[in-house]
Amino acid sequence: MLSFDPKPFVFSAVAMSGSTSHHPERKTPVAAENYPVPLSPPLPAISKQMELSRAMTASSNSSIFSLSPSDILYHDDHLIAVNKHHGIYCETLLSSLASQSHELHLANRLDRDTSGILLLTKAHKVAAKLVKAFTEHRVKKTYIALCTGSPPNWERVTVRSGHGRSKFGAWRVYAASDVGRTLPGGSAVRSMETSFEVLSVNGNGSLREVSDSGNEGNVLVVEEKAVKEDGNESEIVVRAYPRSGRTHQIRLHCQYLGISIIGDVKYEGVYEWKGTTHHAHHLHAETLSFEHPVTGVDVMLRAPLPLWATQAFQH
């Protein structure tokens with residue numbers, strides 16, 4: 001469990017710089033560039049094999065996948081919204097729908113094991129408008145995640161940090177003050193922000209309505225590594241409101257808060273919980289709100305909760 005003052009605050013970072021050795025008979029070597037240091041842990045050793053196994057299973061299932069009519073959440077002359085199940089690649093779903101339209105484009109993407117709303121367009125121009133809306137954060141999204149960890153001492157929190165690839169290619173959390181700095185691969189640290197609200201702890205709670213108030217709660221500006229406190233491992237359901245659109249954003253911020261998502265072996269999530277082995281992370285794209293790119297009408301989509309989510313509220 002992370003503990004912090006209810007007022008917005010900033011951790012102080014420890015500066016790290018490379019050292020240069022000198023030799024009396026040689027020129028001083030050029031110092032290596034001082035890259036920013038990631039603040040989240042490297043990928044666990046077990047994650048590589050488990051991710052490979054999950055990827056192979058998803059690839060095998062792609063040849064027999066067929067979208068059910070009940071999974072179509074919205075359909076008009078310009079858009080199709082579907083409820084993607086976990087263990088399915090976006091491209092697999094796109095191929096399954098290809099027979100219904102000659103030209104389909106993904107307006108958003110979900111990780112292989114993330115379920116929920118996937119939005120597709122029937123024309124390139126419409127897709128371009130929606131992609132622009134996503135980029136400009138005019139599309140509002142919420143996610144439901146089932147996590148484990150010490151019960152949070154906050155009801156709402158907003159995490160602001162940096163995001164980027166470490167020298168081994170893994171996505172990591174970086175300090176907010178590192179935003180803009182160059183990473184080993186040549187890219188730069190980008191800003192990342194997610195708001196969270198706790199919905200349930202060990203079955204005590206309920207699925208409240210999505211908040212439109214913009215209440216950020218406590219603000220956590222990331223500047224140092226998180227200290228994960230030992231305590232009773234609880235089952236925690238949170239709703240996430242991503243304010244940016246970075247790869248693995250919610251998964252990384254849950255890890256940083258000490259409440260990794262169940263099944264998310266990349267980011268320290270348990271894969272065995274209550275006697276069950278979990279073959280996918282428990283993250284669900286719950287709602288999507290946007291202005292229709294053609295008609296201008298406000299659209300609000302909601303995907304039915306997966307079984308693991310409904311069970312979490314029935315304890």
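Residue numbers run from 1 in the order of the sequence given.
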Taking all non-hydrogen atoms of both residues, which atom of [X] and which atom of [Y] are closest, and how far apart?
| X | Y | value |
| --- | --- | --- |
| R172 | P41 | NE-O, 3.2 Å |
| V179 | S161 | CG2-O, 4.4 Å |
| S260 | Y267 | OG-O, 2.7 Å |
| A107 | V131 | O-CG2, 4.3 Å |
| I72 | H75 | CG2-CB, 4.2 Å |
| I259 | G149 | CG2-CA, 4.5 Å |

Verify, without hydrogens or angle tests, whether [X] (side chain) and [Y] (backbone) share a donor-acceptor contact under 3.5 angstrom.
| X | Y | result |
| --- | --- | --- |
| N202 | E235 | yes |
| E223 | S177 | yes |
| R181 | V189 | no |
| D71 | V82 | no |
| S96 | L67 | yes |
| H163 | T247 | yes |
| T57 | S53 | yes |

Heavy-atom side-chain proximity of [X] to [Y] below 4.5 angstrom:
| X | Y | value |
| --- | --- | --- |
| P152 | I236 | yes |
| V222 | V159 | yes |
| L183 | P36 | yes |

Do the side-chain N and O atoms of [X] and [Y] include a donor-acceptor pair separated by under 3.5 angstrom?
| X | Y | answer |
| --- | --- | --- |
| T114 | H281 | yes |
| H85 | S115 | no |
| S191 | R160 | no |

Worksheet item: With respect to F196, which candidate in H253, E155, R239 satisfies the side chain to side chain contact (heavy atoms under 4.5 Å, CB included) definition?
Response: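 In the set H253, E155, R239, the residue that makes a side chain to side chain contact (heavy atoms under 4.5 Å, CB included) with F196 is H253.
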Worksheet item: Taking NZ, NE, NH1 and NH2 as the nitrogens, is one of them in E103 or K122 under 4.0 Å from a carboxylate oxygen of the other?
Response: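 Not counted as a salt bridge, because no side-chain N and carboxylate O are separated by less than 4.0 Å.
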Discussion item. Under a 4.0 Å threshold between the charged nitrogen and the carboxylate oxygen, would K129 count as salt-bridged to E291?
Written reply: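 Between K129 and E291 there is no salt bridge, as every charged N stays at least 4.0 Å from the carboxylate O atoms.
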Worksheet entry | CZ/R190: more than 12 non-hydrogen atoms of other groups inside 6.0 Å |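 No.
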Working to the nearest 0.5 Å, report the span between [atom1] of [X] and [atom2] of [Y].
| X | Y | atom1 | atom2 | result |
| --- | --- | --- | --- | --- |
| L94 | H105 | CG | NE2 | 9.0 Å |
| L43 | S166 | CG | OG | 7.5 Å |
| T121 | N108 | OG1 | CG | 10.5 Å |
| S62 | L93 | OG | CG | 12.0 Å |

Item to complete: With side-chain contact (heavy atoms from CB on, under 4.5 Å) as the test, would you mind laying out the steps for L220 and Y256 before giving the verdict?
Response: CA-CA 11 Å; L220 172 59; Y256 188 85; 4.0 Å; yes
Worksheet item: In a check of side chain to side chain donor-acceptor pair (under 3.5 Å) between D111 and each of H86, K84, R251, which one passes?
Response: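 The single option meeting the side chain to side chain donor-acceptor pair (under 3.5 Å) with D111 is R251.
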